[in-house]
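So that the names make sense, note that chain A is the first sequence line, chain B the second, and so on, each numbered from 1.
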Protein chains: 2
Amino acid sequence: MSKKPVAARQTQPSLRHVAARANVSVMTVSNVINGRMARVGKEVAERVRAAIDELGYRPQRSGRSLRLKREFALGLTVMHPDRRFLDDPYITQVAAGMSNHLATIGYGLMVNGLQDREALAAFVGRSTGYDGFAVMVSGGRDERLSTYRTLAQLNVPMLIVQDLPPEDLPAASSVRQDDRGGAAALTEELLRLDVRRLLCVMPRQIWPGTEQRAAGIADATRARIAEGQLVVDYLTSHEEDFETSVEEIAQRLSQGPAPDAIMGGNDQLGLAAIQACTRCGFAVPRDIMVTGFNAFWFRKFSTPVLSSVTSPAYEIGLEAARMLVRTIDGEEPGGQHKLLPVHPAAGGSIRPAAEPKFGIRDGEATAAAGEGHSSGCR
Amino acid sequence: MSKKPVAARQTQPSLRHVAARANVSVMTVSNVINGRMARVGKEVAERVRAAIDELGYRPQRSGRSLRLKREFALGLTVMHPDRRFLDDPYITQVAAGMSNHLATIGYGLMVNGLQDREALAAFVGRSTGYDGFAVMVSGGRDERLSTYRTLAQLNVPMLIVQDLPPEDLPAASSVRQDDRGGAAALTEELLRLDVRRLLCVMPRQIWPGTEQRAAGIADATRARIAEGQLVVDYLTSHEEDFETSVEEIAQRLSQGPAPDAIMGGNDQLGLAAIQACTRCGFAVPRDIMVTGFNAFWFRKFSTPVLSSVTSPAYEIGLEAARMLVRTIDGEEPGGQHKLLPVHPAAGGSIRPAAEPKFGIRDGEATAAAGEGHSSGCR
DNA sequence: CTGTTAGCGCATTCAA
DNA sequence: TTGAATGCGCTAACAG
């Protein structure tokens, strides 16, 4: 029996209400809820559960958080100039992976888009409410590092997606996909098909991943370029405005000597390249081969289906959530770095002979190779 | 001077630490932080601000939440069988709209995907931590209503996106786009172009919006069907597997008499229809006209660009957040219902003459009509 | 203008 | 096995 009368409340019932109703102390109710059945008699537990049901009681996060110094939530912070920051399949897959993993352990995911440094400052000044967060930042490396340093002031575990932290943030973890290796492997595959002139179309809006892909292409082409066996051209294009991309690529195609292959820095640009080829009268893949990167669902919207590289974005989200939670739980220090492999995504925009030889995983590549073939425009 | 010594803590500084450092009481610090400058001397405020900066203090949400009975966060709950629930442009735009509005008022957005009723039950049993939530549910109407009823047990303001609540939930609000009217207008436009046989391709996975679009098509065709001037066929197709959709539509095209137009229940299916037409040797829009719905960015990936209807999904997110917050603040009761207009999104997959006459907004439609024309495959 | 008191809901600690 | 006391960080209400 509680001495203090329970104040009349319009709001949610609390432990006290349940305790009063079940004629037990609040601690007993707390123990029942948290499954500490060793400390509660069976009959009492039943009574408590009945009271919980009758009152529709659900534990209130804020009290629990205050007591345990745990928010039971992670953040996903995206620094990107477009206000529709979420409208990017990469980000949504990471978010879905995080959210789904967190749901299994009773955590929530808070998403935040920061359009500029001003929003970043406001965010850092205000934000609490999670135990750790993952961050995805667009822009050049220096800009990104500065953003990471600012975010580190939040003073909770931070995990960087698709990028490495600067050395002065040893506590920051990271999860990346092997963009560099994947791009190199893809490039080598094209080179094996006698590509002598290659056009790389990179997005104007830089992300860490696209930087790495450019590096991978450079890795794979350096020797041949030196030998004079290969010419690599670059074109920077808006990925946001598809039609503009198509025109920019088409214009380039109509100017100089035609490339044997076009590598898009992502799938959007790969699709734009296919359209540009078609528009200029080149057949894909016969005259020009085309590749994308990430193998998102919309790569199938082209004819032929865009050959690409499968991104484990969803798995990155899962892993990011797992790593952060382990660090928060003190099971693992910060500063961990994971690199997930990428796999070839067969399509019809590379000449078929190439597909089975791509990458390490012969079996999978062969199995997947059939995937795109039925969609040819015959 | 605080009597109780401030315990040594590894964690974040609290008001007490700041107060001790600035030699003031906690309330003064609180007042400074909350901008109640009328109650604080100018010099003292400066000293407090200095202490805040030196300690890197940020207010802790849980204490504030506990005291004020406010979580300063909204939820976005998506009930959909695919674990990659976020991988849908409609949902991401709603989420971005909500998140961006909430950021301006210091609120957070928590996203949740529920794959099945089991996850739903777990969610309802556990979830606290927001002051209200928006919900997007796929499936048939009865299923959806049952989901809304279950979610209503959370006992915080609920706003349904793209659907109306059942009558026994008068407190639930909603925001929708005018799918029915938009689909009807689009259909009428096609009928004006002498369509005598129409094929509607609807997704297998139902959402409230697709249901409404089907209703709109029925509205617009009923009379002509009765007069024997029009035949409408229906095809249900997976939108998830693009290649399968293309094949299903192509098969239908090769079976019976060819339709004059194909209406896709969404943009994915519209794109699939264009590919199916091409594959079967029909020119779009000359032989068969094709439409989609929502006008998401990827509609431009086809040649010709898919004619569609612009969805205000982002604005729906903004409005959802605004309405929920107003209800939470007690400025407005629940049970409000908003319907946002849709607009034609000109493309090349309807014969050009049609575009300017579409819908109400002649000026806008005419202006937009040029948009798609340059991308024809000429 | 500034300080004191009290209590939000919960779980750890200790006592019965 | 159960209960009572305590305090996490914060702010409304009131006292000085």
Side-chain angles (χ1 to χ4, degrees), chain A residues 1-20 22-48 52 55 57-72 106 126 128-129 131, chain B residues 1-20 22-48 52 55 57-72 106 126 128-129 131:
Chain A
M1 335 247 184
S2 54
K3 276 171 285 183
K4 298 169 192 173
V6 170
R9 305 172 74 249
Q10 336 258 16
T11 49
Q12 308 284 345
S14 77
L15 277 188
R16 276 227 312 281
H17 301 81
V18 180
N23 247 290
V24 295
S25 77
V26 282
M27 268 321 296
T28 303
V29 181
S30 174
N31 285 329
V32 170
I33 286 168
N34 292 24
R36 309 182 198 290
M37 298 312 293
R39 303 188 175 185
V40 184
K42 212 178 160 192
E43 200 168 317
V44 175
E46 211 41 66
R47 217 165 61 218
V48 169
I52 289 176
L55 268 55
Y57 169 79
R58 255 158 317 108
Q60 276 170 235
R61 208 192 54 100
S62 48
R64 195 175 152 84
S65 289
L66 183 56
R67 182 63 233 246
L68 298 180
K69 295 183 183 312
R70 272 288 180 99
E71 298 289 350
F72 302 102
R126 197 191 53 221
T128 51
D131 303 312
Chain B
M1 336 252 182
S2 55
K3 277 170 284 185
K4 297 171 190 170
V6 170
R9 304 171 75 249
Q10 336 257 15
T11 50
Q12 307 284 348
S14 78
L15 277 188
R16 277 227 313 280
H17 302 82
V18 179
N23 247 291
V24 295
S25 77
V26 285
M27 268 319 294
T28 301
V29 181
S30 173
N31 285 330
V32 170
I33 287 169
N34 293 22
R36 307 183 200 290
M37 297 312 292
R39 303 189 177 186
V40 184
K42 213 179 158 192
E43 201 168 315
V44 175
E46 212 41 65
R47 216 165 62 219
V48 169
I52 289 176
L55 268 55
Y57 169 79
R58 256 160 317 107
Q60 278 170 234
R61 207 178 64 104
S62 48
R64 195 175 152 82
S65 289
L66 182 56
R67 181 63 234 240
L68 297 180
K69 296 185 183 310
R70 270 289 180 99
E71 299 289 351
F72 301 102
R126 196 191 53 221
T128 52
D131 303 312

Can you tell which of [options] lies closest to the side chain of [X]?
X	options	answer
A/Leu66	D/dC8, D/dT2, D/dT11	D/dC8
B/Arg16	D/dC10, D/dA4, D/dC8	D/dC8
B/Asn34	C/dC10, C/dC8, D/dT11	D/dT11

Heavy-atom nearest nucleotide on DNA chain D for B/Val26 versus A/Val44: which residue maps closer to 5'?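 On the 5' side of the pair lies A/Val44.
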Pairwise 5' ranking along DNA chain C for A/Gly63 and B/Ala38, keeping only the more 5' one: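 Per heavy-atom nearest nucleotide, the more 5' residue is B/Ala38.
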Could you tell me whether a side-chain N or O of [X] sits under 3.5 Å from a main-chain N or O of [Y], the two making a donor and an acceptor?
X	Y	result
A/Asp131	A/Glu71	yes
B/Ser65	A/Ser62	no
B/Arg47	B/Ala22	yes

According to a strict under-4.0 Å criterion, is B/Arg70 in side-chain N/O contact with OP1 or OP2 of C/dC8?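 The answer is no; no side-chain N or O of B/Arg70 sits under 4.0 Å from OP1 or OP2.
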Are OP1 or OP2 of D/dG3 and a side-chain N or O of A/Thr28 less than 4.0 angstrom apart?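 So the side chain of A/Thr28 is within the cut-off, an N or O lying under 4.0 Å from OP1 or OP2 of D/dG3.
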Using whole Å, report how far [atom1] of [X] lies from [atom2] of [N].
X	N	atom1	atom2	value
A/Gln60	C/dA11	CD	C1'	15 Å
A/Glu71	C/dC10	CD	P	15 Å
B/Met37	C/dT2	CE	C1'	13 Å
B/Lys69	D/dC10	NZ	P	17 Å
B/Leu15	D/dG7	CG	P	18 Å

For B/Pro59 versus A/Thr128, what's the shortest heavy-atom pair and its separation?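 In this case the closest contact between B/Pro59 and A/Thr128 is O-OG1, 3.0 Å.
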State which residues pass salt bridge (Lys or Arg N to Asp or Glu O under 4.0 Å) with A/Arg70; sequence neighbours excluded, sorted by chain then number.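 A/Arg70: salt bridge (Lys or Arg N to Asp or Glu O under 4.0 Å) contacts with A/Asp329.
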Quick check: are there more than 12 heavy atoms from other residues, nucleotides or ligands sitting under 6.0 Å from CZ of B/Arg39?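 Count not over threshold, so no.
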Tabulated below should be each protein N or O lying under 3.5 Å from an N or O of nucleotides 12-16 of chain C; please produce it.
{"from": "C/dT12", "atom 1": "O4'", "to": "A/Arg67", "atom 2": "NH2", "distance (Å)": "3.2"}

Kindly indicate whether the side chain of A/Arg64, heavy atoms from C-beta on, has any atom under 4.5 Å from the side chain of A/Asn34.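 They are in side-chain contact.
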